[in-house]
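Just below is one structure, and these are the notes that go with it.
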Amino acid sequence: MAWMKIKDAFKAQAGVELTIKGWVRTKRDSKADGGLSFIAVNDGTCFDPIQVVARHDLSNYEEVAKIGTGCSVEVDGVLVESQGKGQSVEIQATAVRVIGWVQDPDTYPASNKRHSFEYLREIAHLRTRTNTFGSVARVRHALSQSIHRFMDEQDFYWVHTPIITGSDCEGAGEMFRVSTLDFCNIPKTDDGQVDFSQDFFGKESHLTVSGQLNVETYASSLSRVYTFGPTFRAENSNTTRHLAEFWMIEPEIAFADLHDNIELASGMLRTCASDLLERRMDDLEFFDLRIEKGLIDRLKMIAEAPVKTITYTEAIKILEGCNEKFEYDVKWGSDMQSEHERYLTEKHFKQPVAVINYPKDIKAFYMRLNDEGTDGAPGQTVAAVDILVPGVGEMVGGSQREERLDVLDSRITEMGLDIEDYWWYRDLRKYGTVPHAGYGLGFERLVQFCTGMQNIRDVIPFPRAPRQAEF
RNA sequence: UCCUCCGUAGCUCAAUUGGUAGAGCGAGCGGCUGUUAACCGCUAGGUCACUGGUUCGAGUCCAGUCGGAGGAGCCA
């Protein structure tokens, strides 16, 4: 008999003979008709388990009766219309083979009951067997496929930027050190410093915090490029939206300005939403029912409407003019607090909002300096953009890059950075410079937004966070 | 890192003014049933996070440590 994935079995013709393989979600027994068992089997290919009906006349029915949640099984049978109410079709089993028993069911951690997400995080190797984490895994996969497909259709090349970096000037946060030196016997130079010349790379090295500087080099010849890979931040962040290891999409577009940047991000979000609605409705229905009501309507809205754009200066005016009581005061020139961002996207606009042109003093050195008086702002701004989304906050951070060497140099100096560290980055401005723009999109935050999952640690298979590196 | 809350059975939680440990779910066994968050009965299961202190007596009060959650900052 042909082995069929369960998602295909649901669509097959009644009467077909088939074999399915998977893990038991639940089993219920009945004494009717001399005894029969209903076994719900899931193989991860779709949300729903399929119901297997095993009758007492199976040669190994005594064994079948002992099957419990978590067992792996192989079932031969015939697909038939279900006599019961919970499902359209089911499999009348002609053979049920147990491949792997659950040893000592009393200790099986992922037993058939409701568990808290906090507890499931402690058994991350088994939580994938639950409805929620199966759905998260499928949605996460679908989103990453959508992004690659969208970027390919927009003529972007995927560039694999390094994970280990010898550059200490990426400037996006605390870095994890990479070293093969013996901690118990660290070589020192004459003046008592650690002698990194004896380390693996002959210099200090770290895990990357961003592929942006590297990918800008490829944009300066291939025009449209992006990275999609893991990044690392050694910040002691204990929140529902930060990880020490997370995945980021970083497009970089040559001959482009801030608005081209926003248009790309907006198109990416639209594509992700509409692809999910088309491909993963089974999982979305679960999230809408059990995790966040209204999720599907929100994704439908995202799939149709472009992102709303406002300037930082306008955002400040909205916040100053509203009746909301904020813990922190709103003031032009200081960064918006989380509560301010949430108000804008969740209460005022009720949709994703791109906020552009921030005061230069609160943004990075490489962001392009705007002309004095842009947007009627009271101070000088840079061409930066943050895209804020309901429930998550900041999902995208980007900018048009400073392509003018003299302006870049004075910004590096102004911020107290060492110009020598940026020699190759500056070369891009010396040799055929070009206006360009890019952004970083936090992939896990996108998954959160598309599933309604509240804690970012529950949308990545094995979360890395302070004091969390088990598995 | 800061603020708040929490840590009791495999899981989710109770335990009165400090008086010596309890339920539901899960698991095992039995009953019933084309079942599907099933239902009924029985059984097993505890170093009350750890260390120290107060007390005749601490799950309960105090101090410290460790761990978790939510919020803040940093950011994606």
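Any value given below was found using the heavy atoms of this structure, including those in side chains, with hydrogens, waters and symmetry copies removed. A note on names: the letters A, B, ... follow the listed sequences, proteins ahead of strands, and every chain is numbered from 1.
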Touch class at under 4.0 angstrom, heavy-atom based, for A:E174 against every strand present: nothing
Sugar-phosphate only, base, or nothing, as touched by A:R121 at under 4.0 Å among non-hydrogen atoms: sugar-phosphate
Sugar-phosphate only, base, or nothing, as touched by A:V396 at under 4.0 Å among non-hydrogen atoms: sugar-phosphate
Salt bridge flag under 4.0 Å for residues A:D48 and A:K7: no
Touch class at under 4.0 angstrom, heavy-atom based, for A:L243 against every strand present: base
Phosphate contact (B:U1 OP1 or OP2) by A:S237 side-chain N/O below 4.0 Å: no
B:A44 versus B:U51 - spacing of their C1' atoms, nearest Å: 32 Å
Separation of B:G30 P from A:D29 CG (nearest whole Å): 11 Å
P-based separation of B:U4 from B:G10 [nearest Å]: 32 Å
Residues A:R149 and A:D275 bridged, charged N to O under 4.0 Å: yes
5' precedence on RNA chain B between A:Q454 and A:R445 (nearest-nucleotide basis): A:Q454
Gap in Å between the two C1' atoms, one belonging to B:U47 and one to B:U8, rounded: 12 Å
Nucleotide B:A76, atom P - distance to CG of A:L388 in whole Å: 12 Å
Under 4.0 angstrom between A:R28 side-chain N/O and B:A37 OP1 or OP2: no
hbond_proxy A:D106 side chain to B:G45 base (donor-acceptor, 3.5 Å cutoff): no
Check ion pair A:E444-A:R140 (N to O, under 4.0 angstrom): yes
Atom-to-atom span, CZ of A:F38 to P of B:U35 - whole angstrom: 7 Å
Interatomic distance where CZ belongs to A:F228 and C1' belongs to B:A76 [whole Å]: 12 Å
B:A72 phosphate, OP1 or OP2, under 4.0 Å from A:R241 side-chain N/O: yes
Options B:U36, B:C75, B:U1, nucleotide nearest the side-chain atoms of A:N238: B:U1
Sugar-phosphate only, base, or nothing, as touched by A:T231 at under 4.0 Å among non-hydrogen atoms: nothing
Integer angstrom distance from the P of B:G22 to that of B:G59: 14 Å
Sugar-phosphate, base or nothing in reach of A:Q83, heavy atoms under 4.0 Å: base
Minimum-distance nucleotide (side-chain atoms of A:S116 versus B:U12, B:G34, B:A69): B:U12
Presence of salt bridge, A:E285 and A:R280, under 4.0 angstrom: no
Between B:A72 and B:C11 - P atom distance, rounded Å: 30 Å
N/O (side chain, A:Q51) to phosphate O (OP1/OP2, B:U35) under 4.0 Å: no
Ring center gap for A:Y366 and A:Y425 short of 6.0 angstrom: no
A:R467 side chain, from C-beta outward: closest of B:C75, B:A72, B:G67: B:G67
Candidate nucleotides B:A69, B:G70, B:G34, ranked by approach to the side chain of A:V53 - the nearest: B:G34
Sugar-phosphate, base or nothing in reach of A:G84, heavy atoms under 4.0 Å: base
Sugar-phosphate only, base, or nothing, as touched by A:F246 at under 4.0 Å among non-hydrogen atoms: base
Spacing of the P atoms in B:A58 and B:G18 (rounded, Å): 13 Å
Touch class at under 4.0 angstrom, heavy-atom based, for A:N455 against every strand present: sugar-phosphate
Distance between P atoms of B:A15 and B:G73 (Å, rounded): 35 Å
Ring-face cation contact, A:F449 with A:R298, 6.0 Å cut, 45° max: yes
N/O (side chain, A:S82) to phosphate O (OP1/OP2, B:G34) under 4.0 Å: no
Sugar-phosphate only, base, or nothing, as touched by A:S30 at under 4.0 Å among non-hydrogen atoms: base
Parallel, tilted or perpendicular: ring planes of A:F176 versus A:F232, cut at 30 and 60 degrees: perpendicular
Whole-Å P distance, B:A21 and B:A9: 15 Å
Selected nucleotide, minimal atom distance to A:K31 side chain, candidates B:G34, B:U1, B:U33: B:U33
Sugar-phosphate, base or nothing in reach of A:N112, heavy atoms under 4.0 Å: sugar-phosphate
Touch class at under 4.0 angstrom, heavy-atom based, for A:R457 against every strand present: sugar-phosphate
Sugar-phosphate only, base, or nothing, as touched by A:E444 at under 4.0 Å among non-hydrogen atoms: nothing
Geometric cation-pi criterion, A:K363 with A:Y358: 6.0 Å, 45°: yes
Sugar-phosphate, base or nothing in reach of A:Q92, heavy atoms under 4.0 Å: base
Nearest listed nucleotide, side chain of A:P105, among B:U36, B:G34, B:A27: B:A27
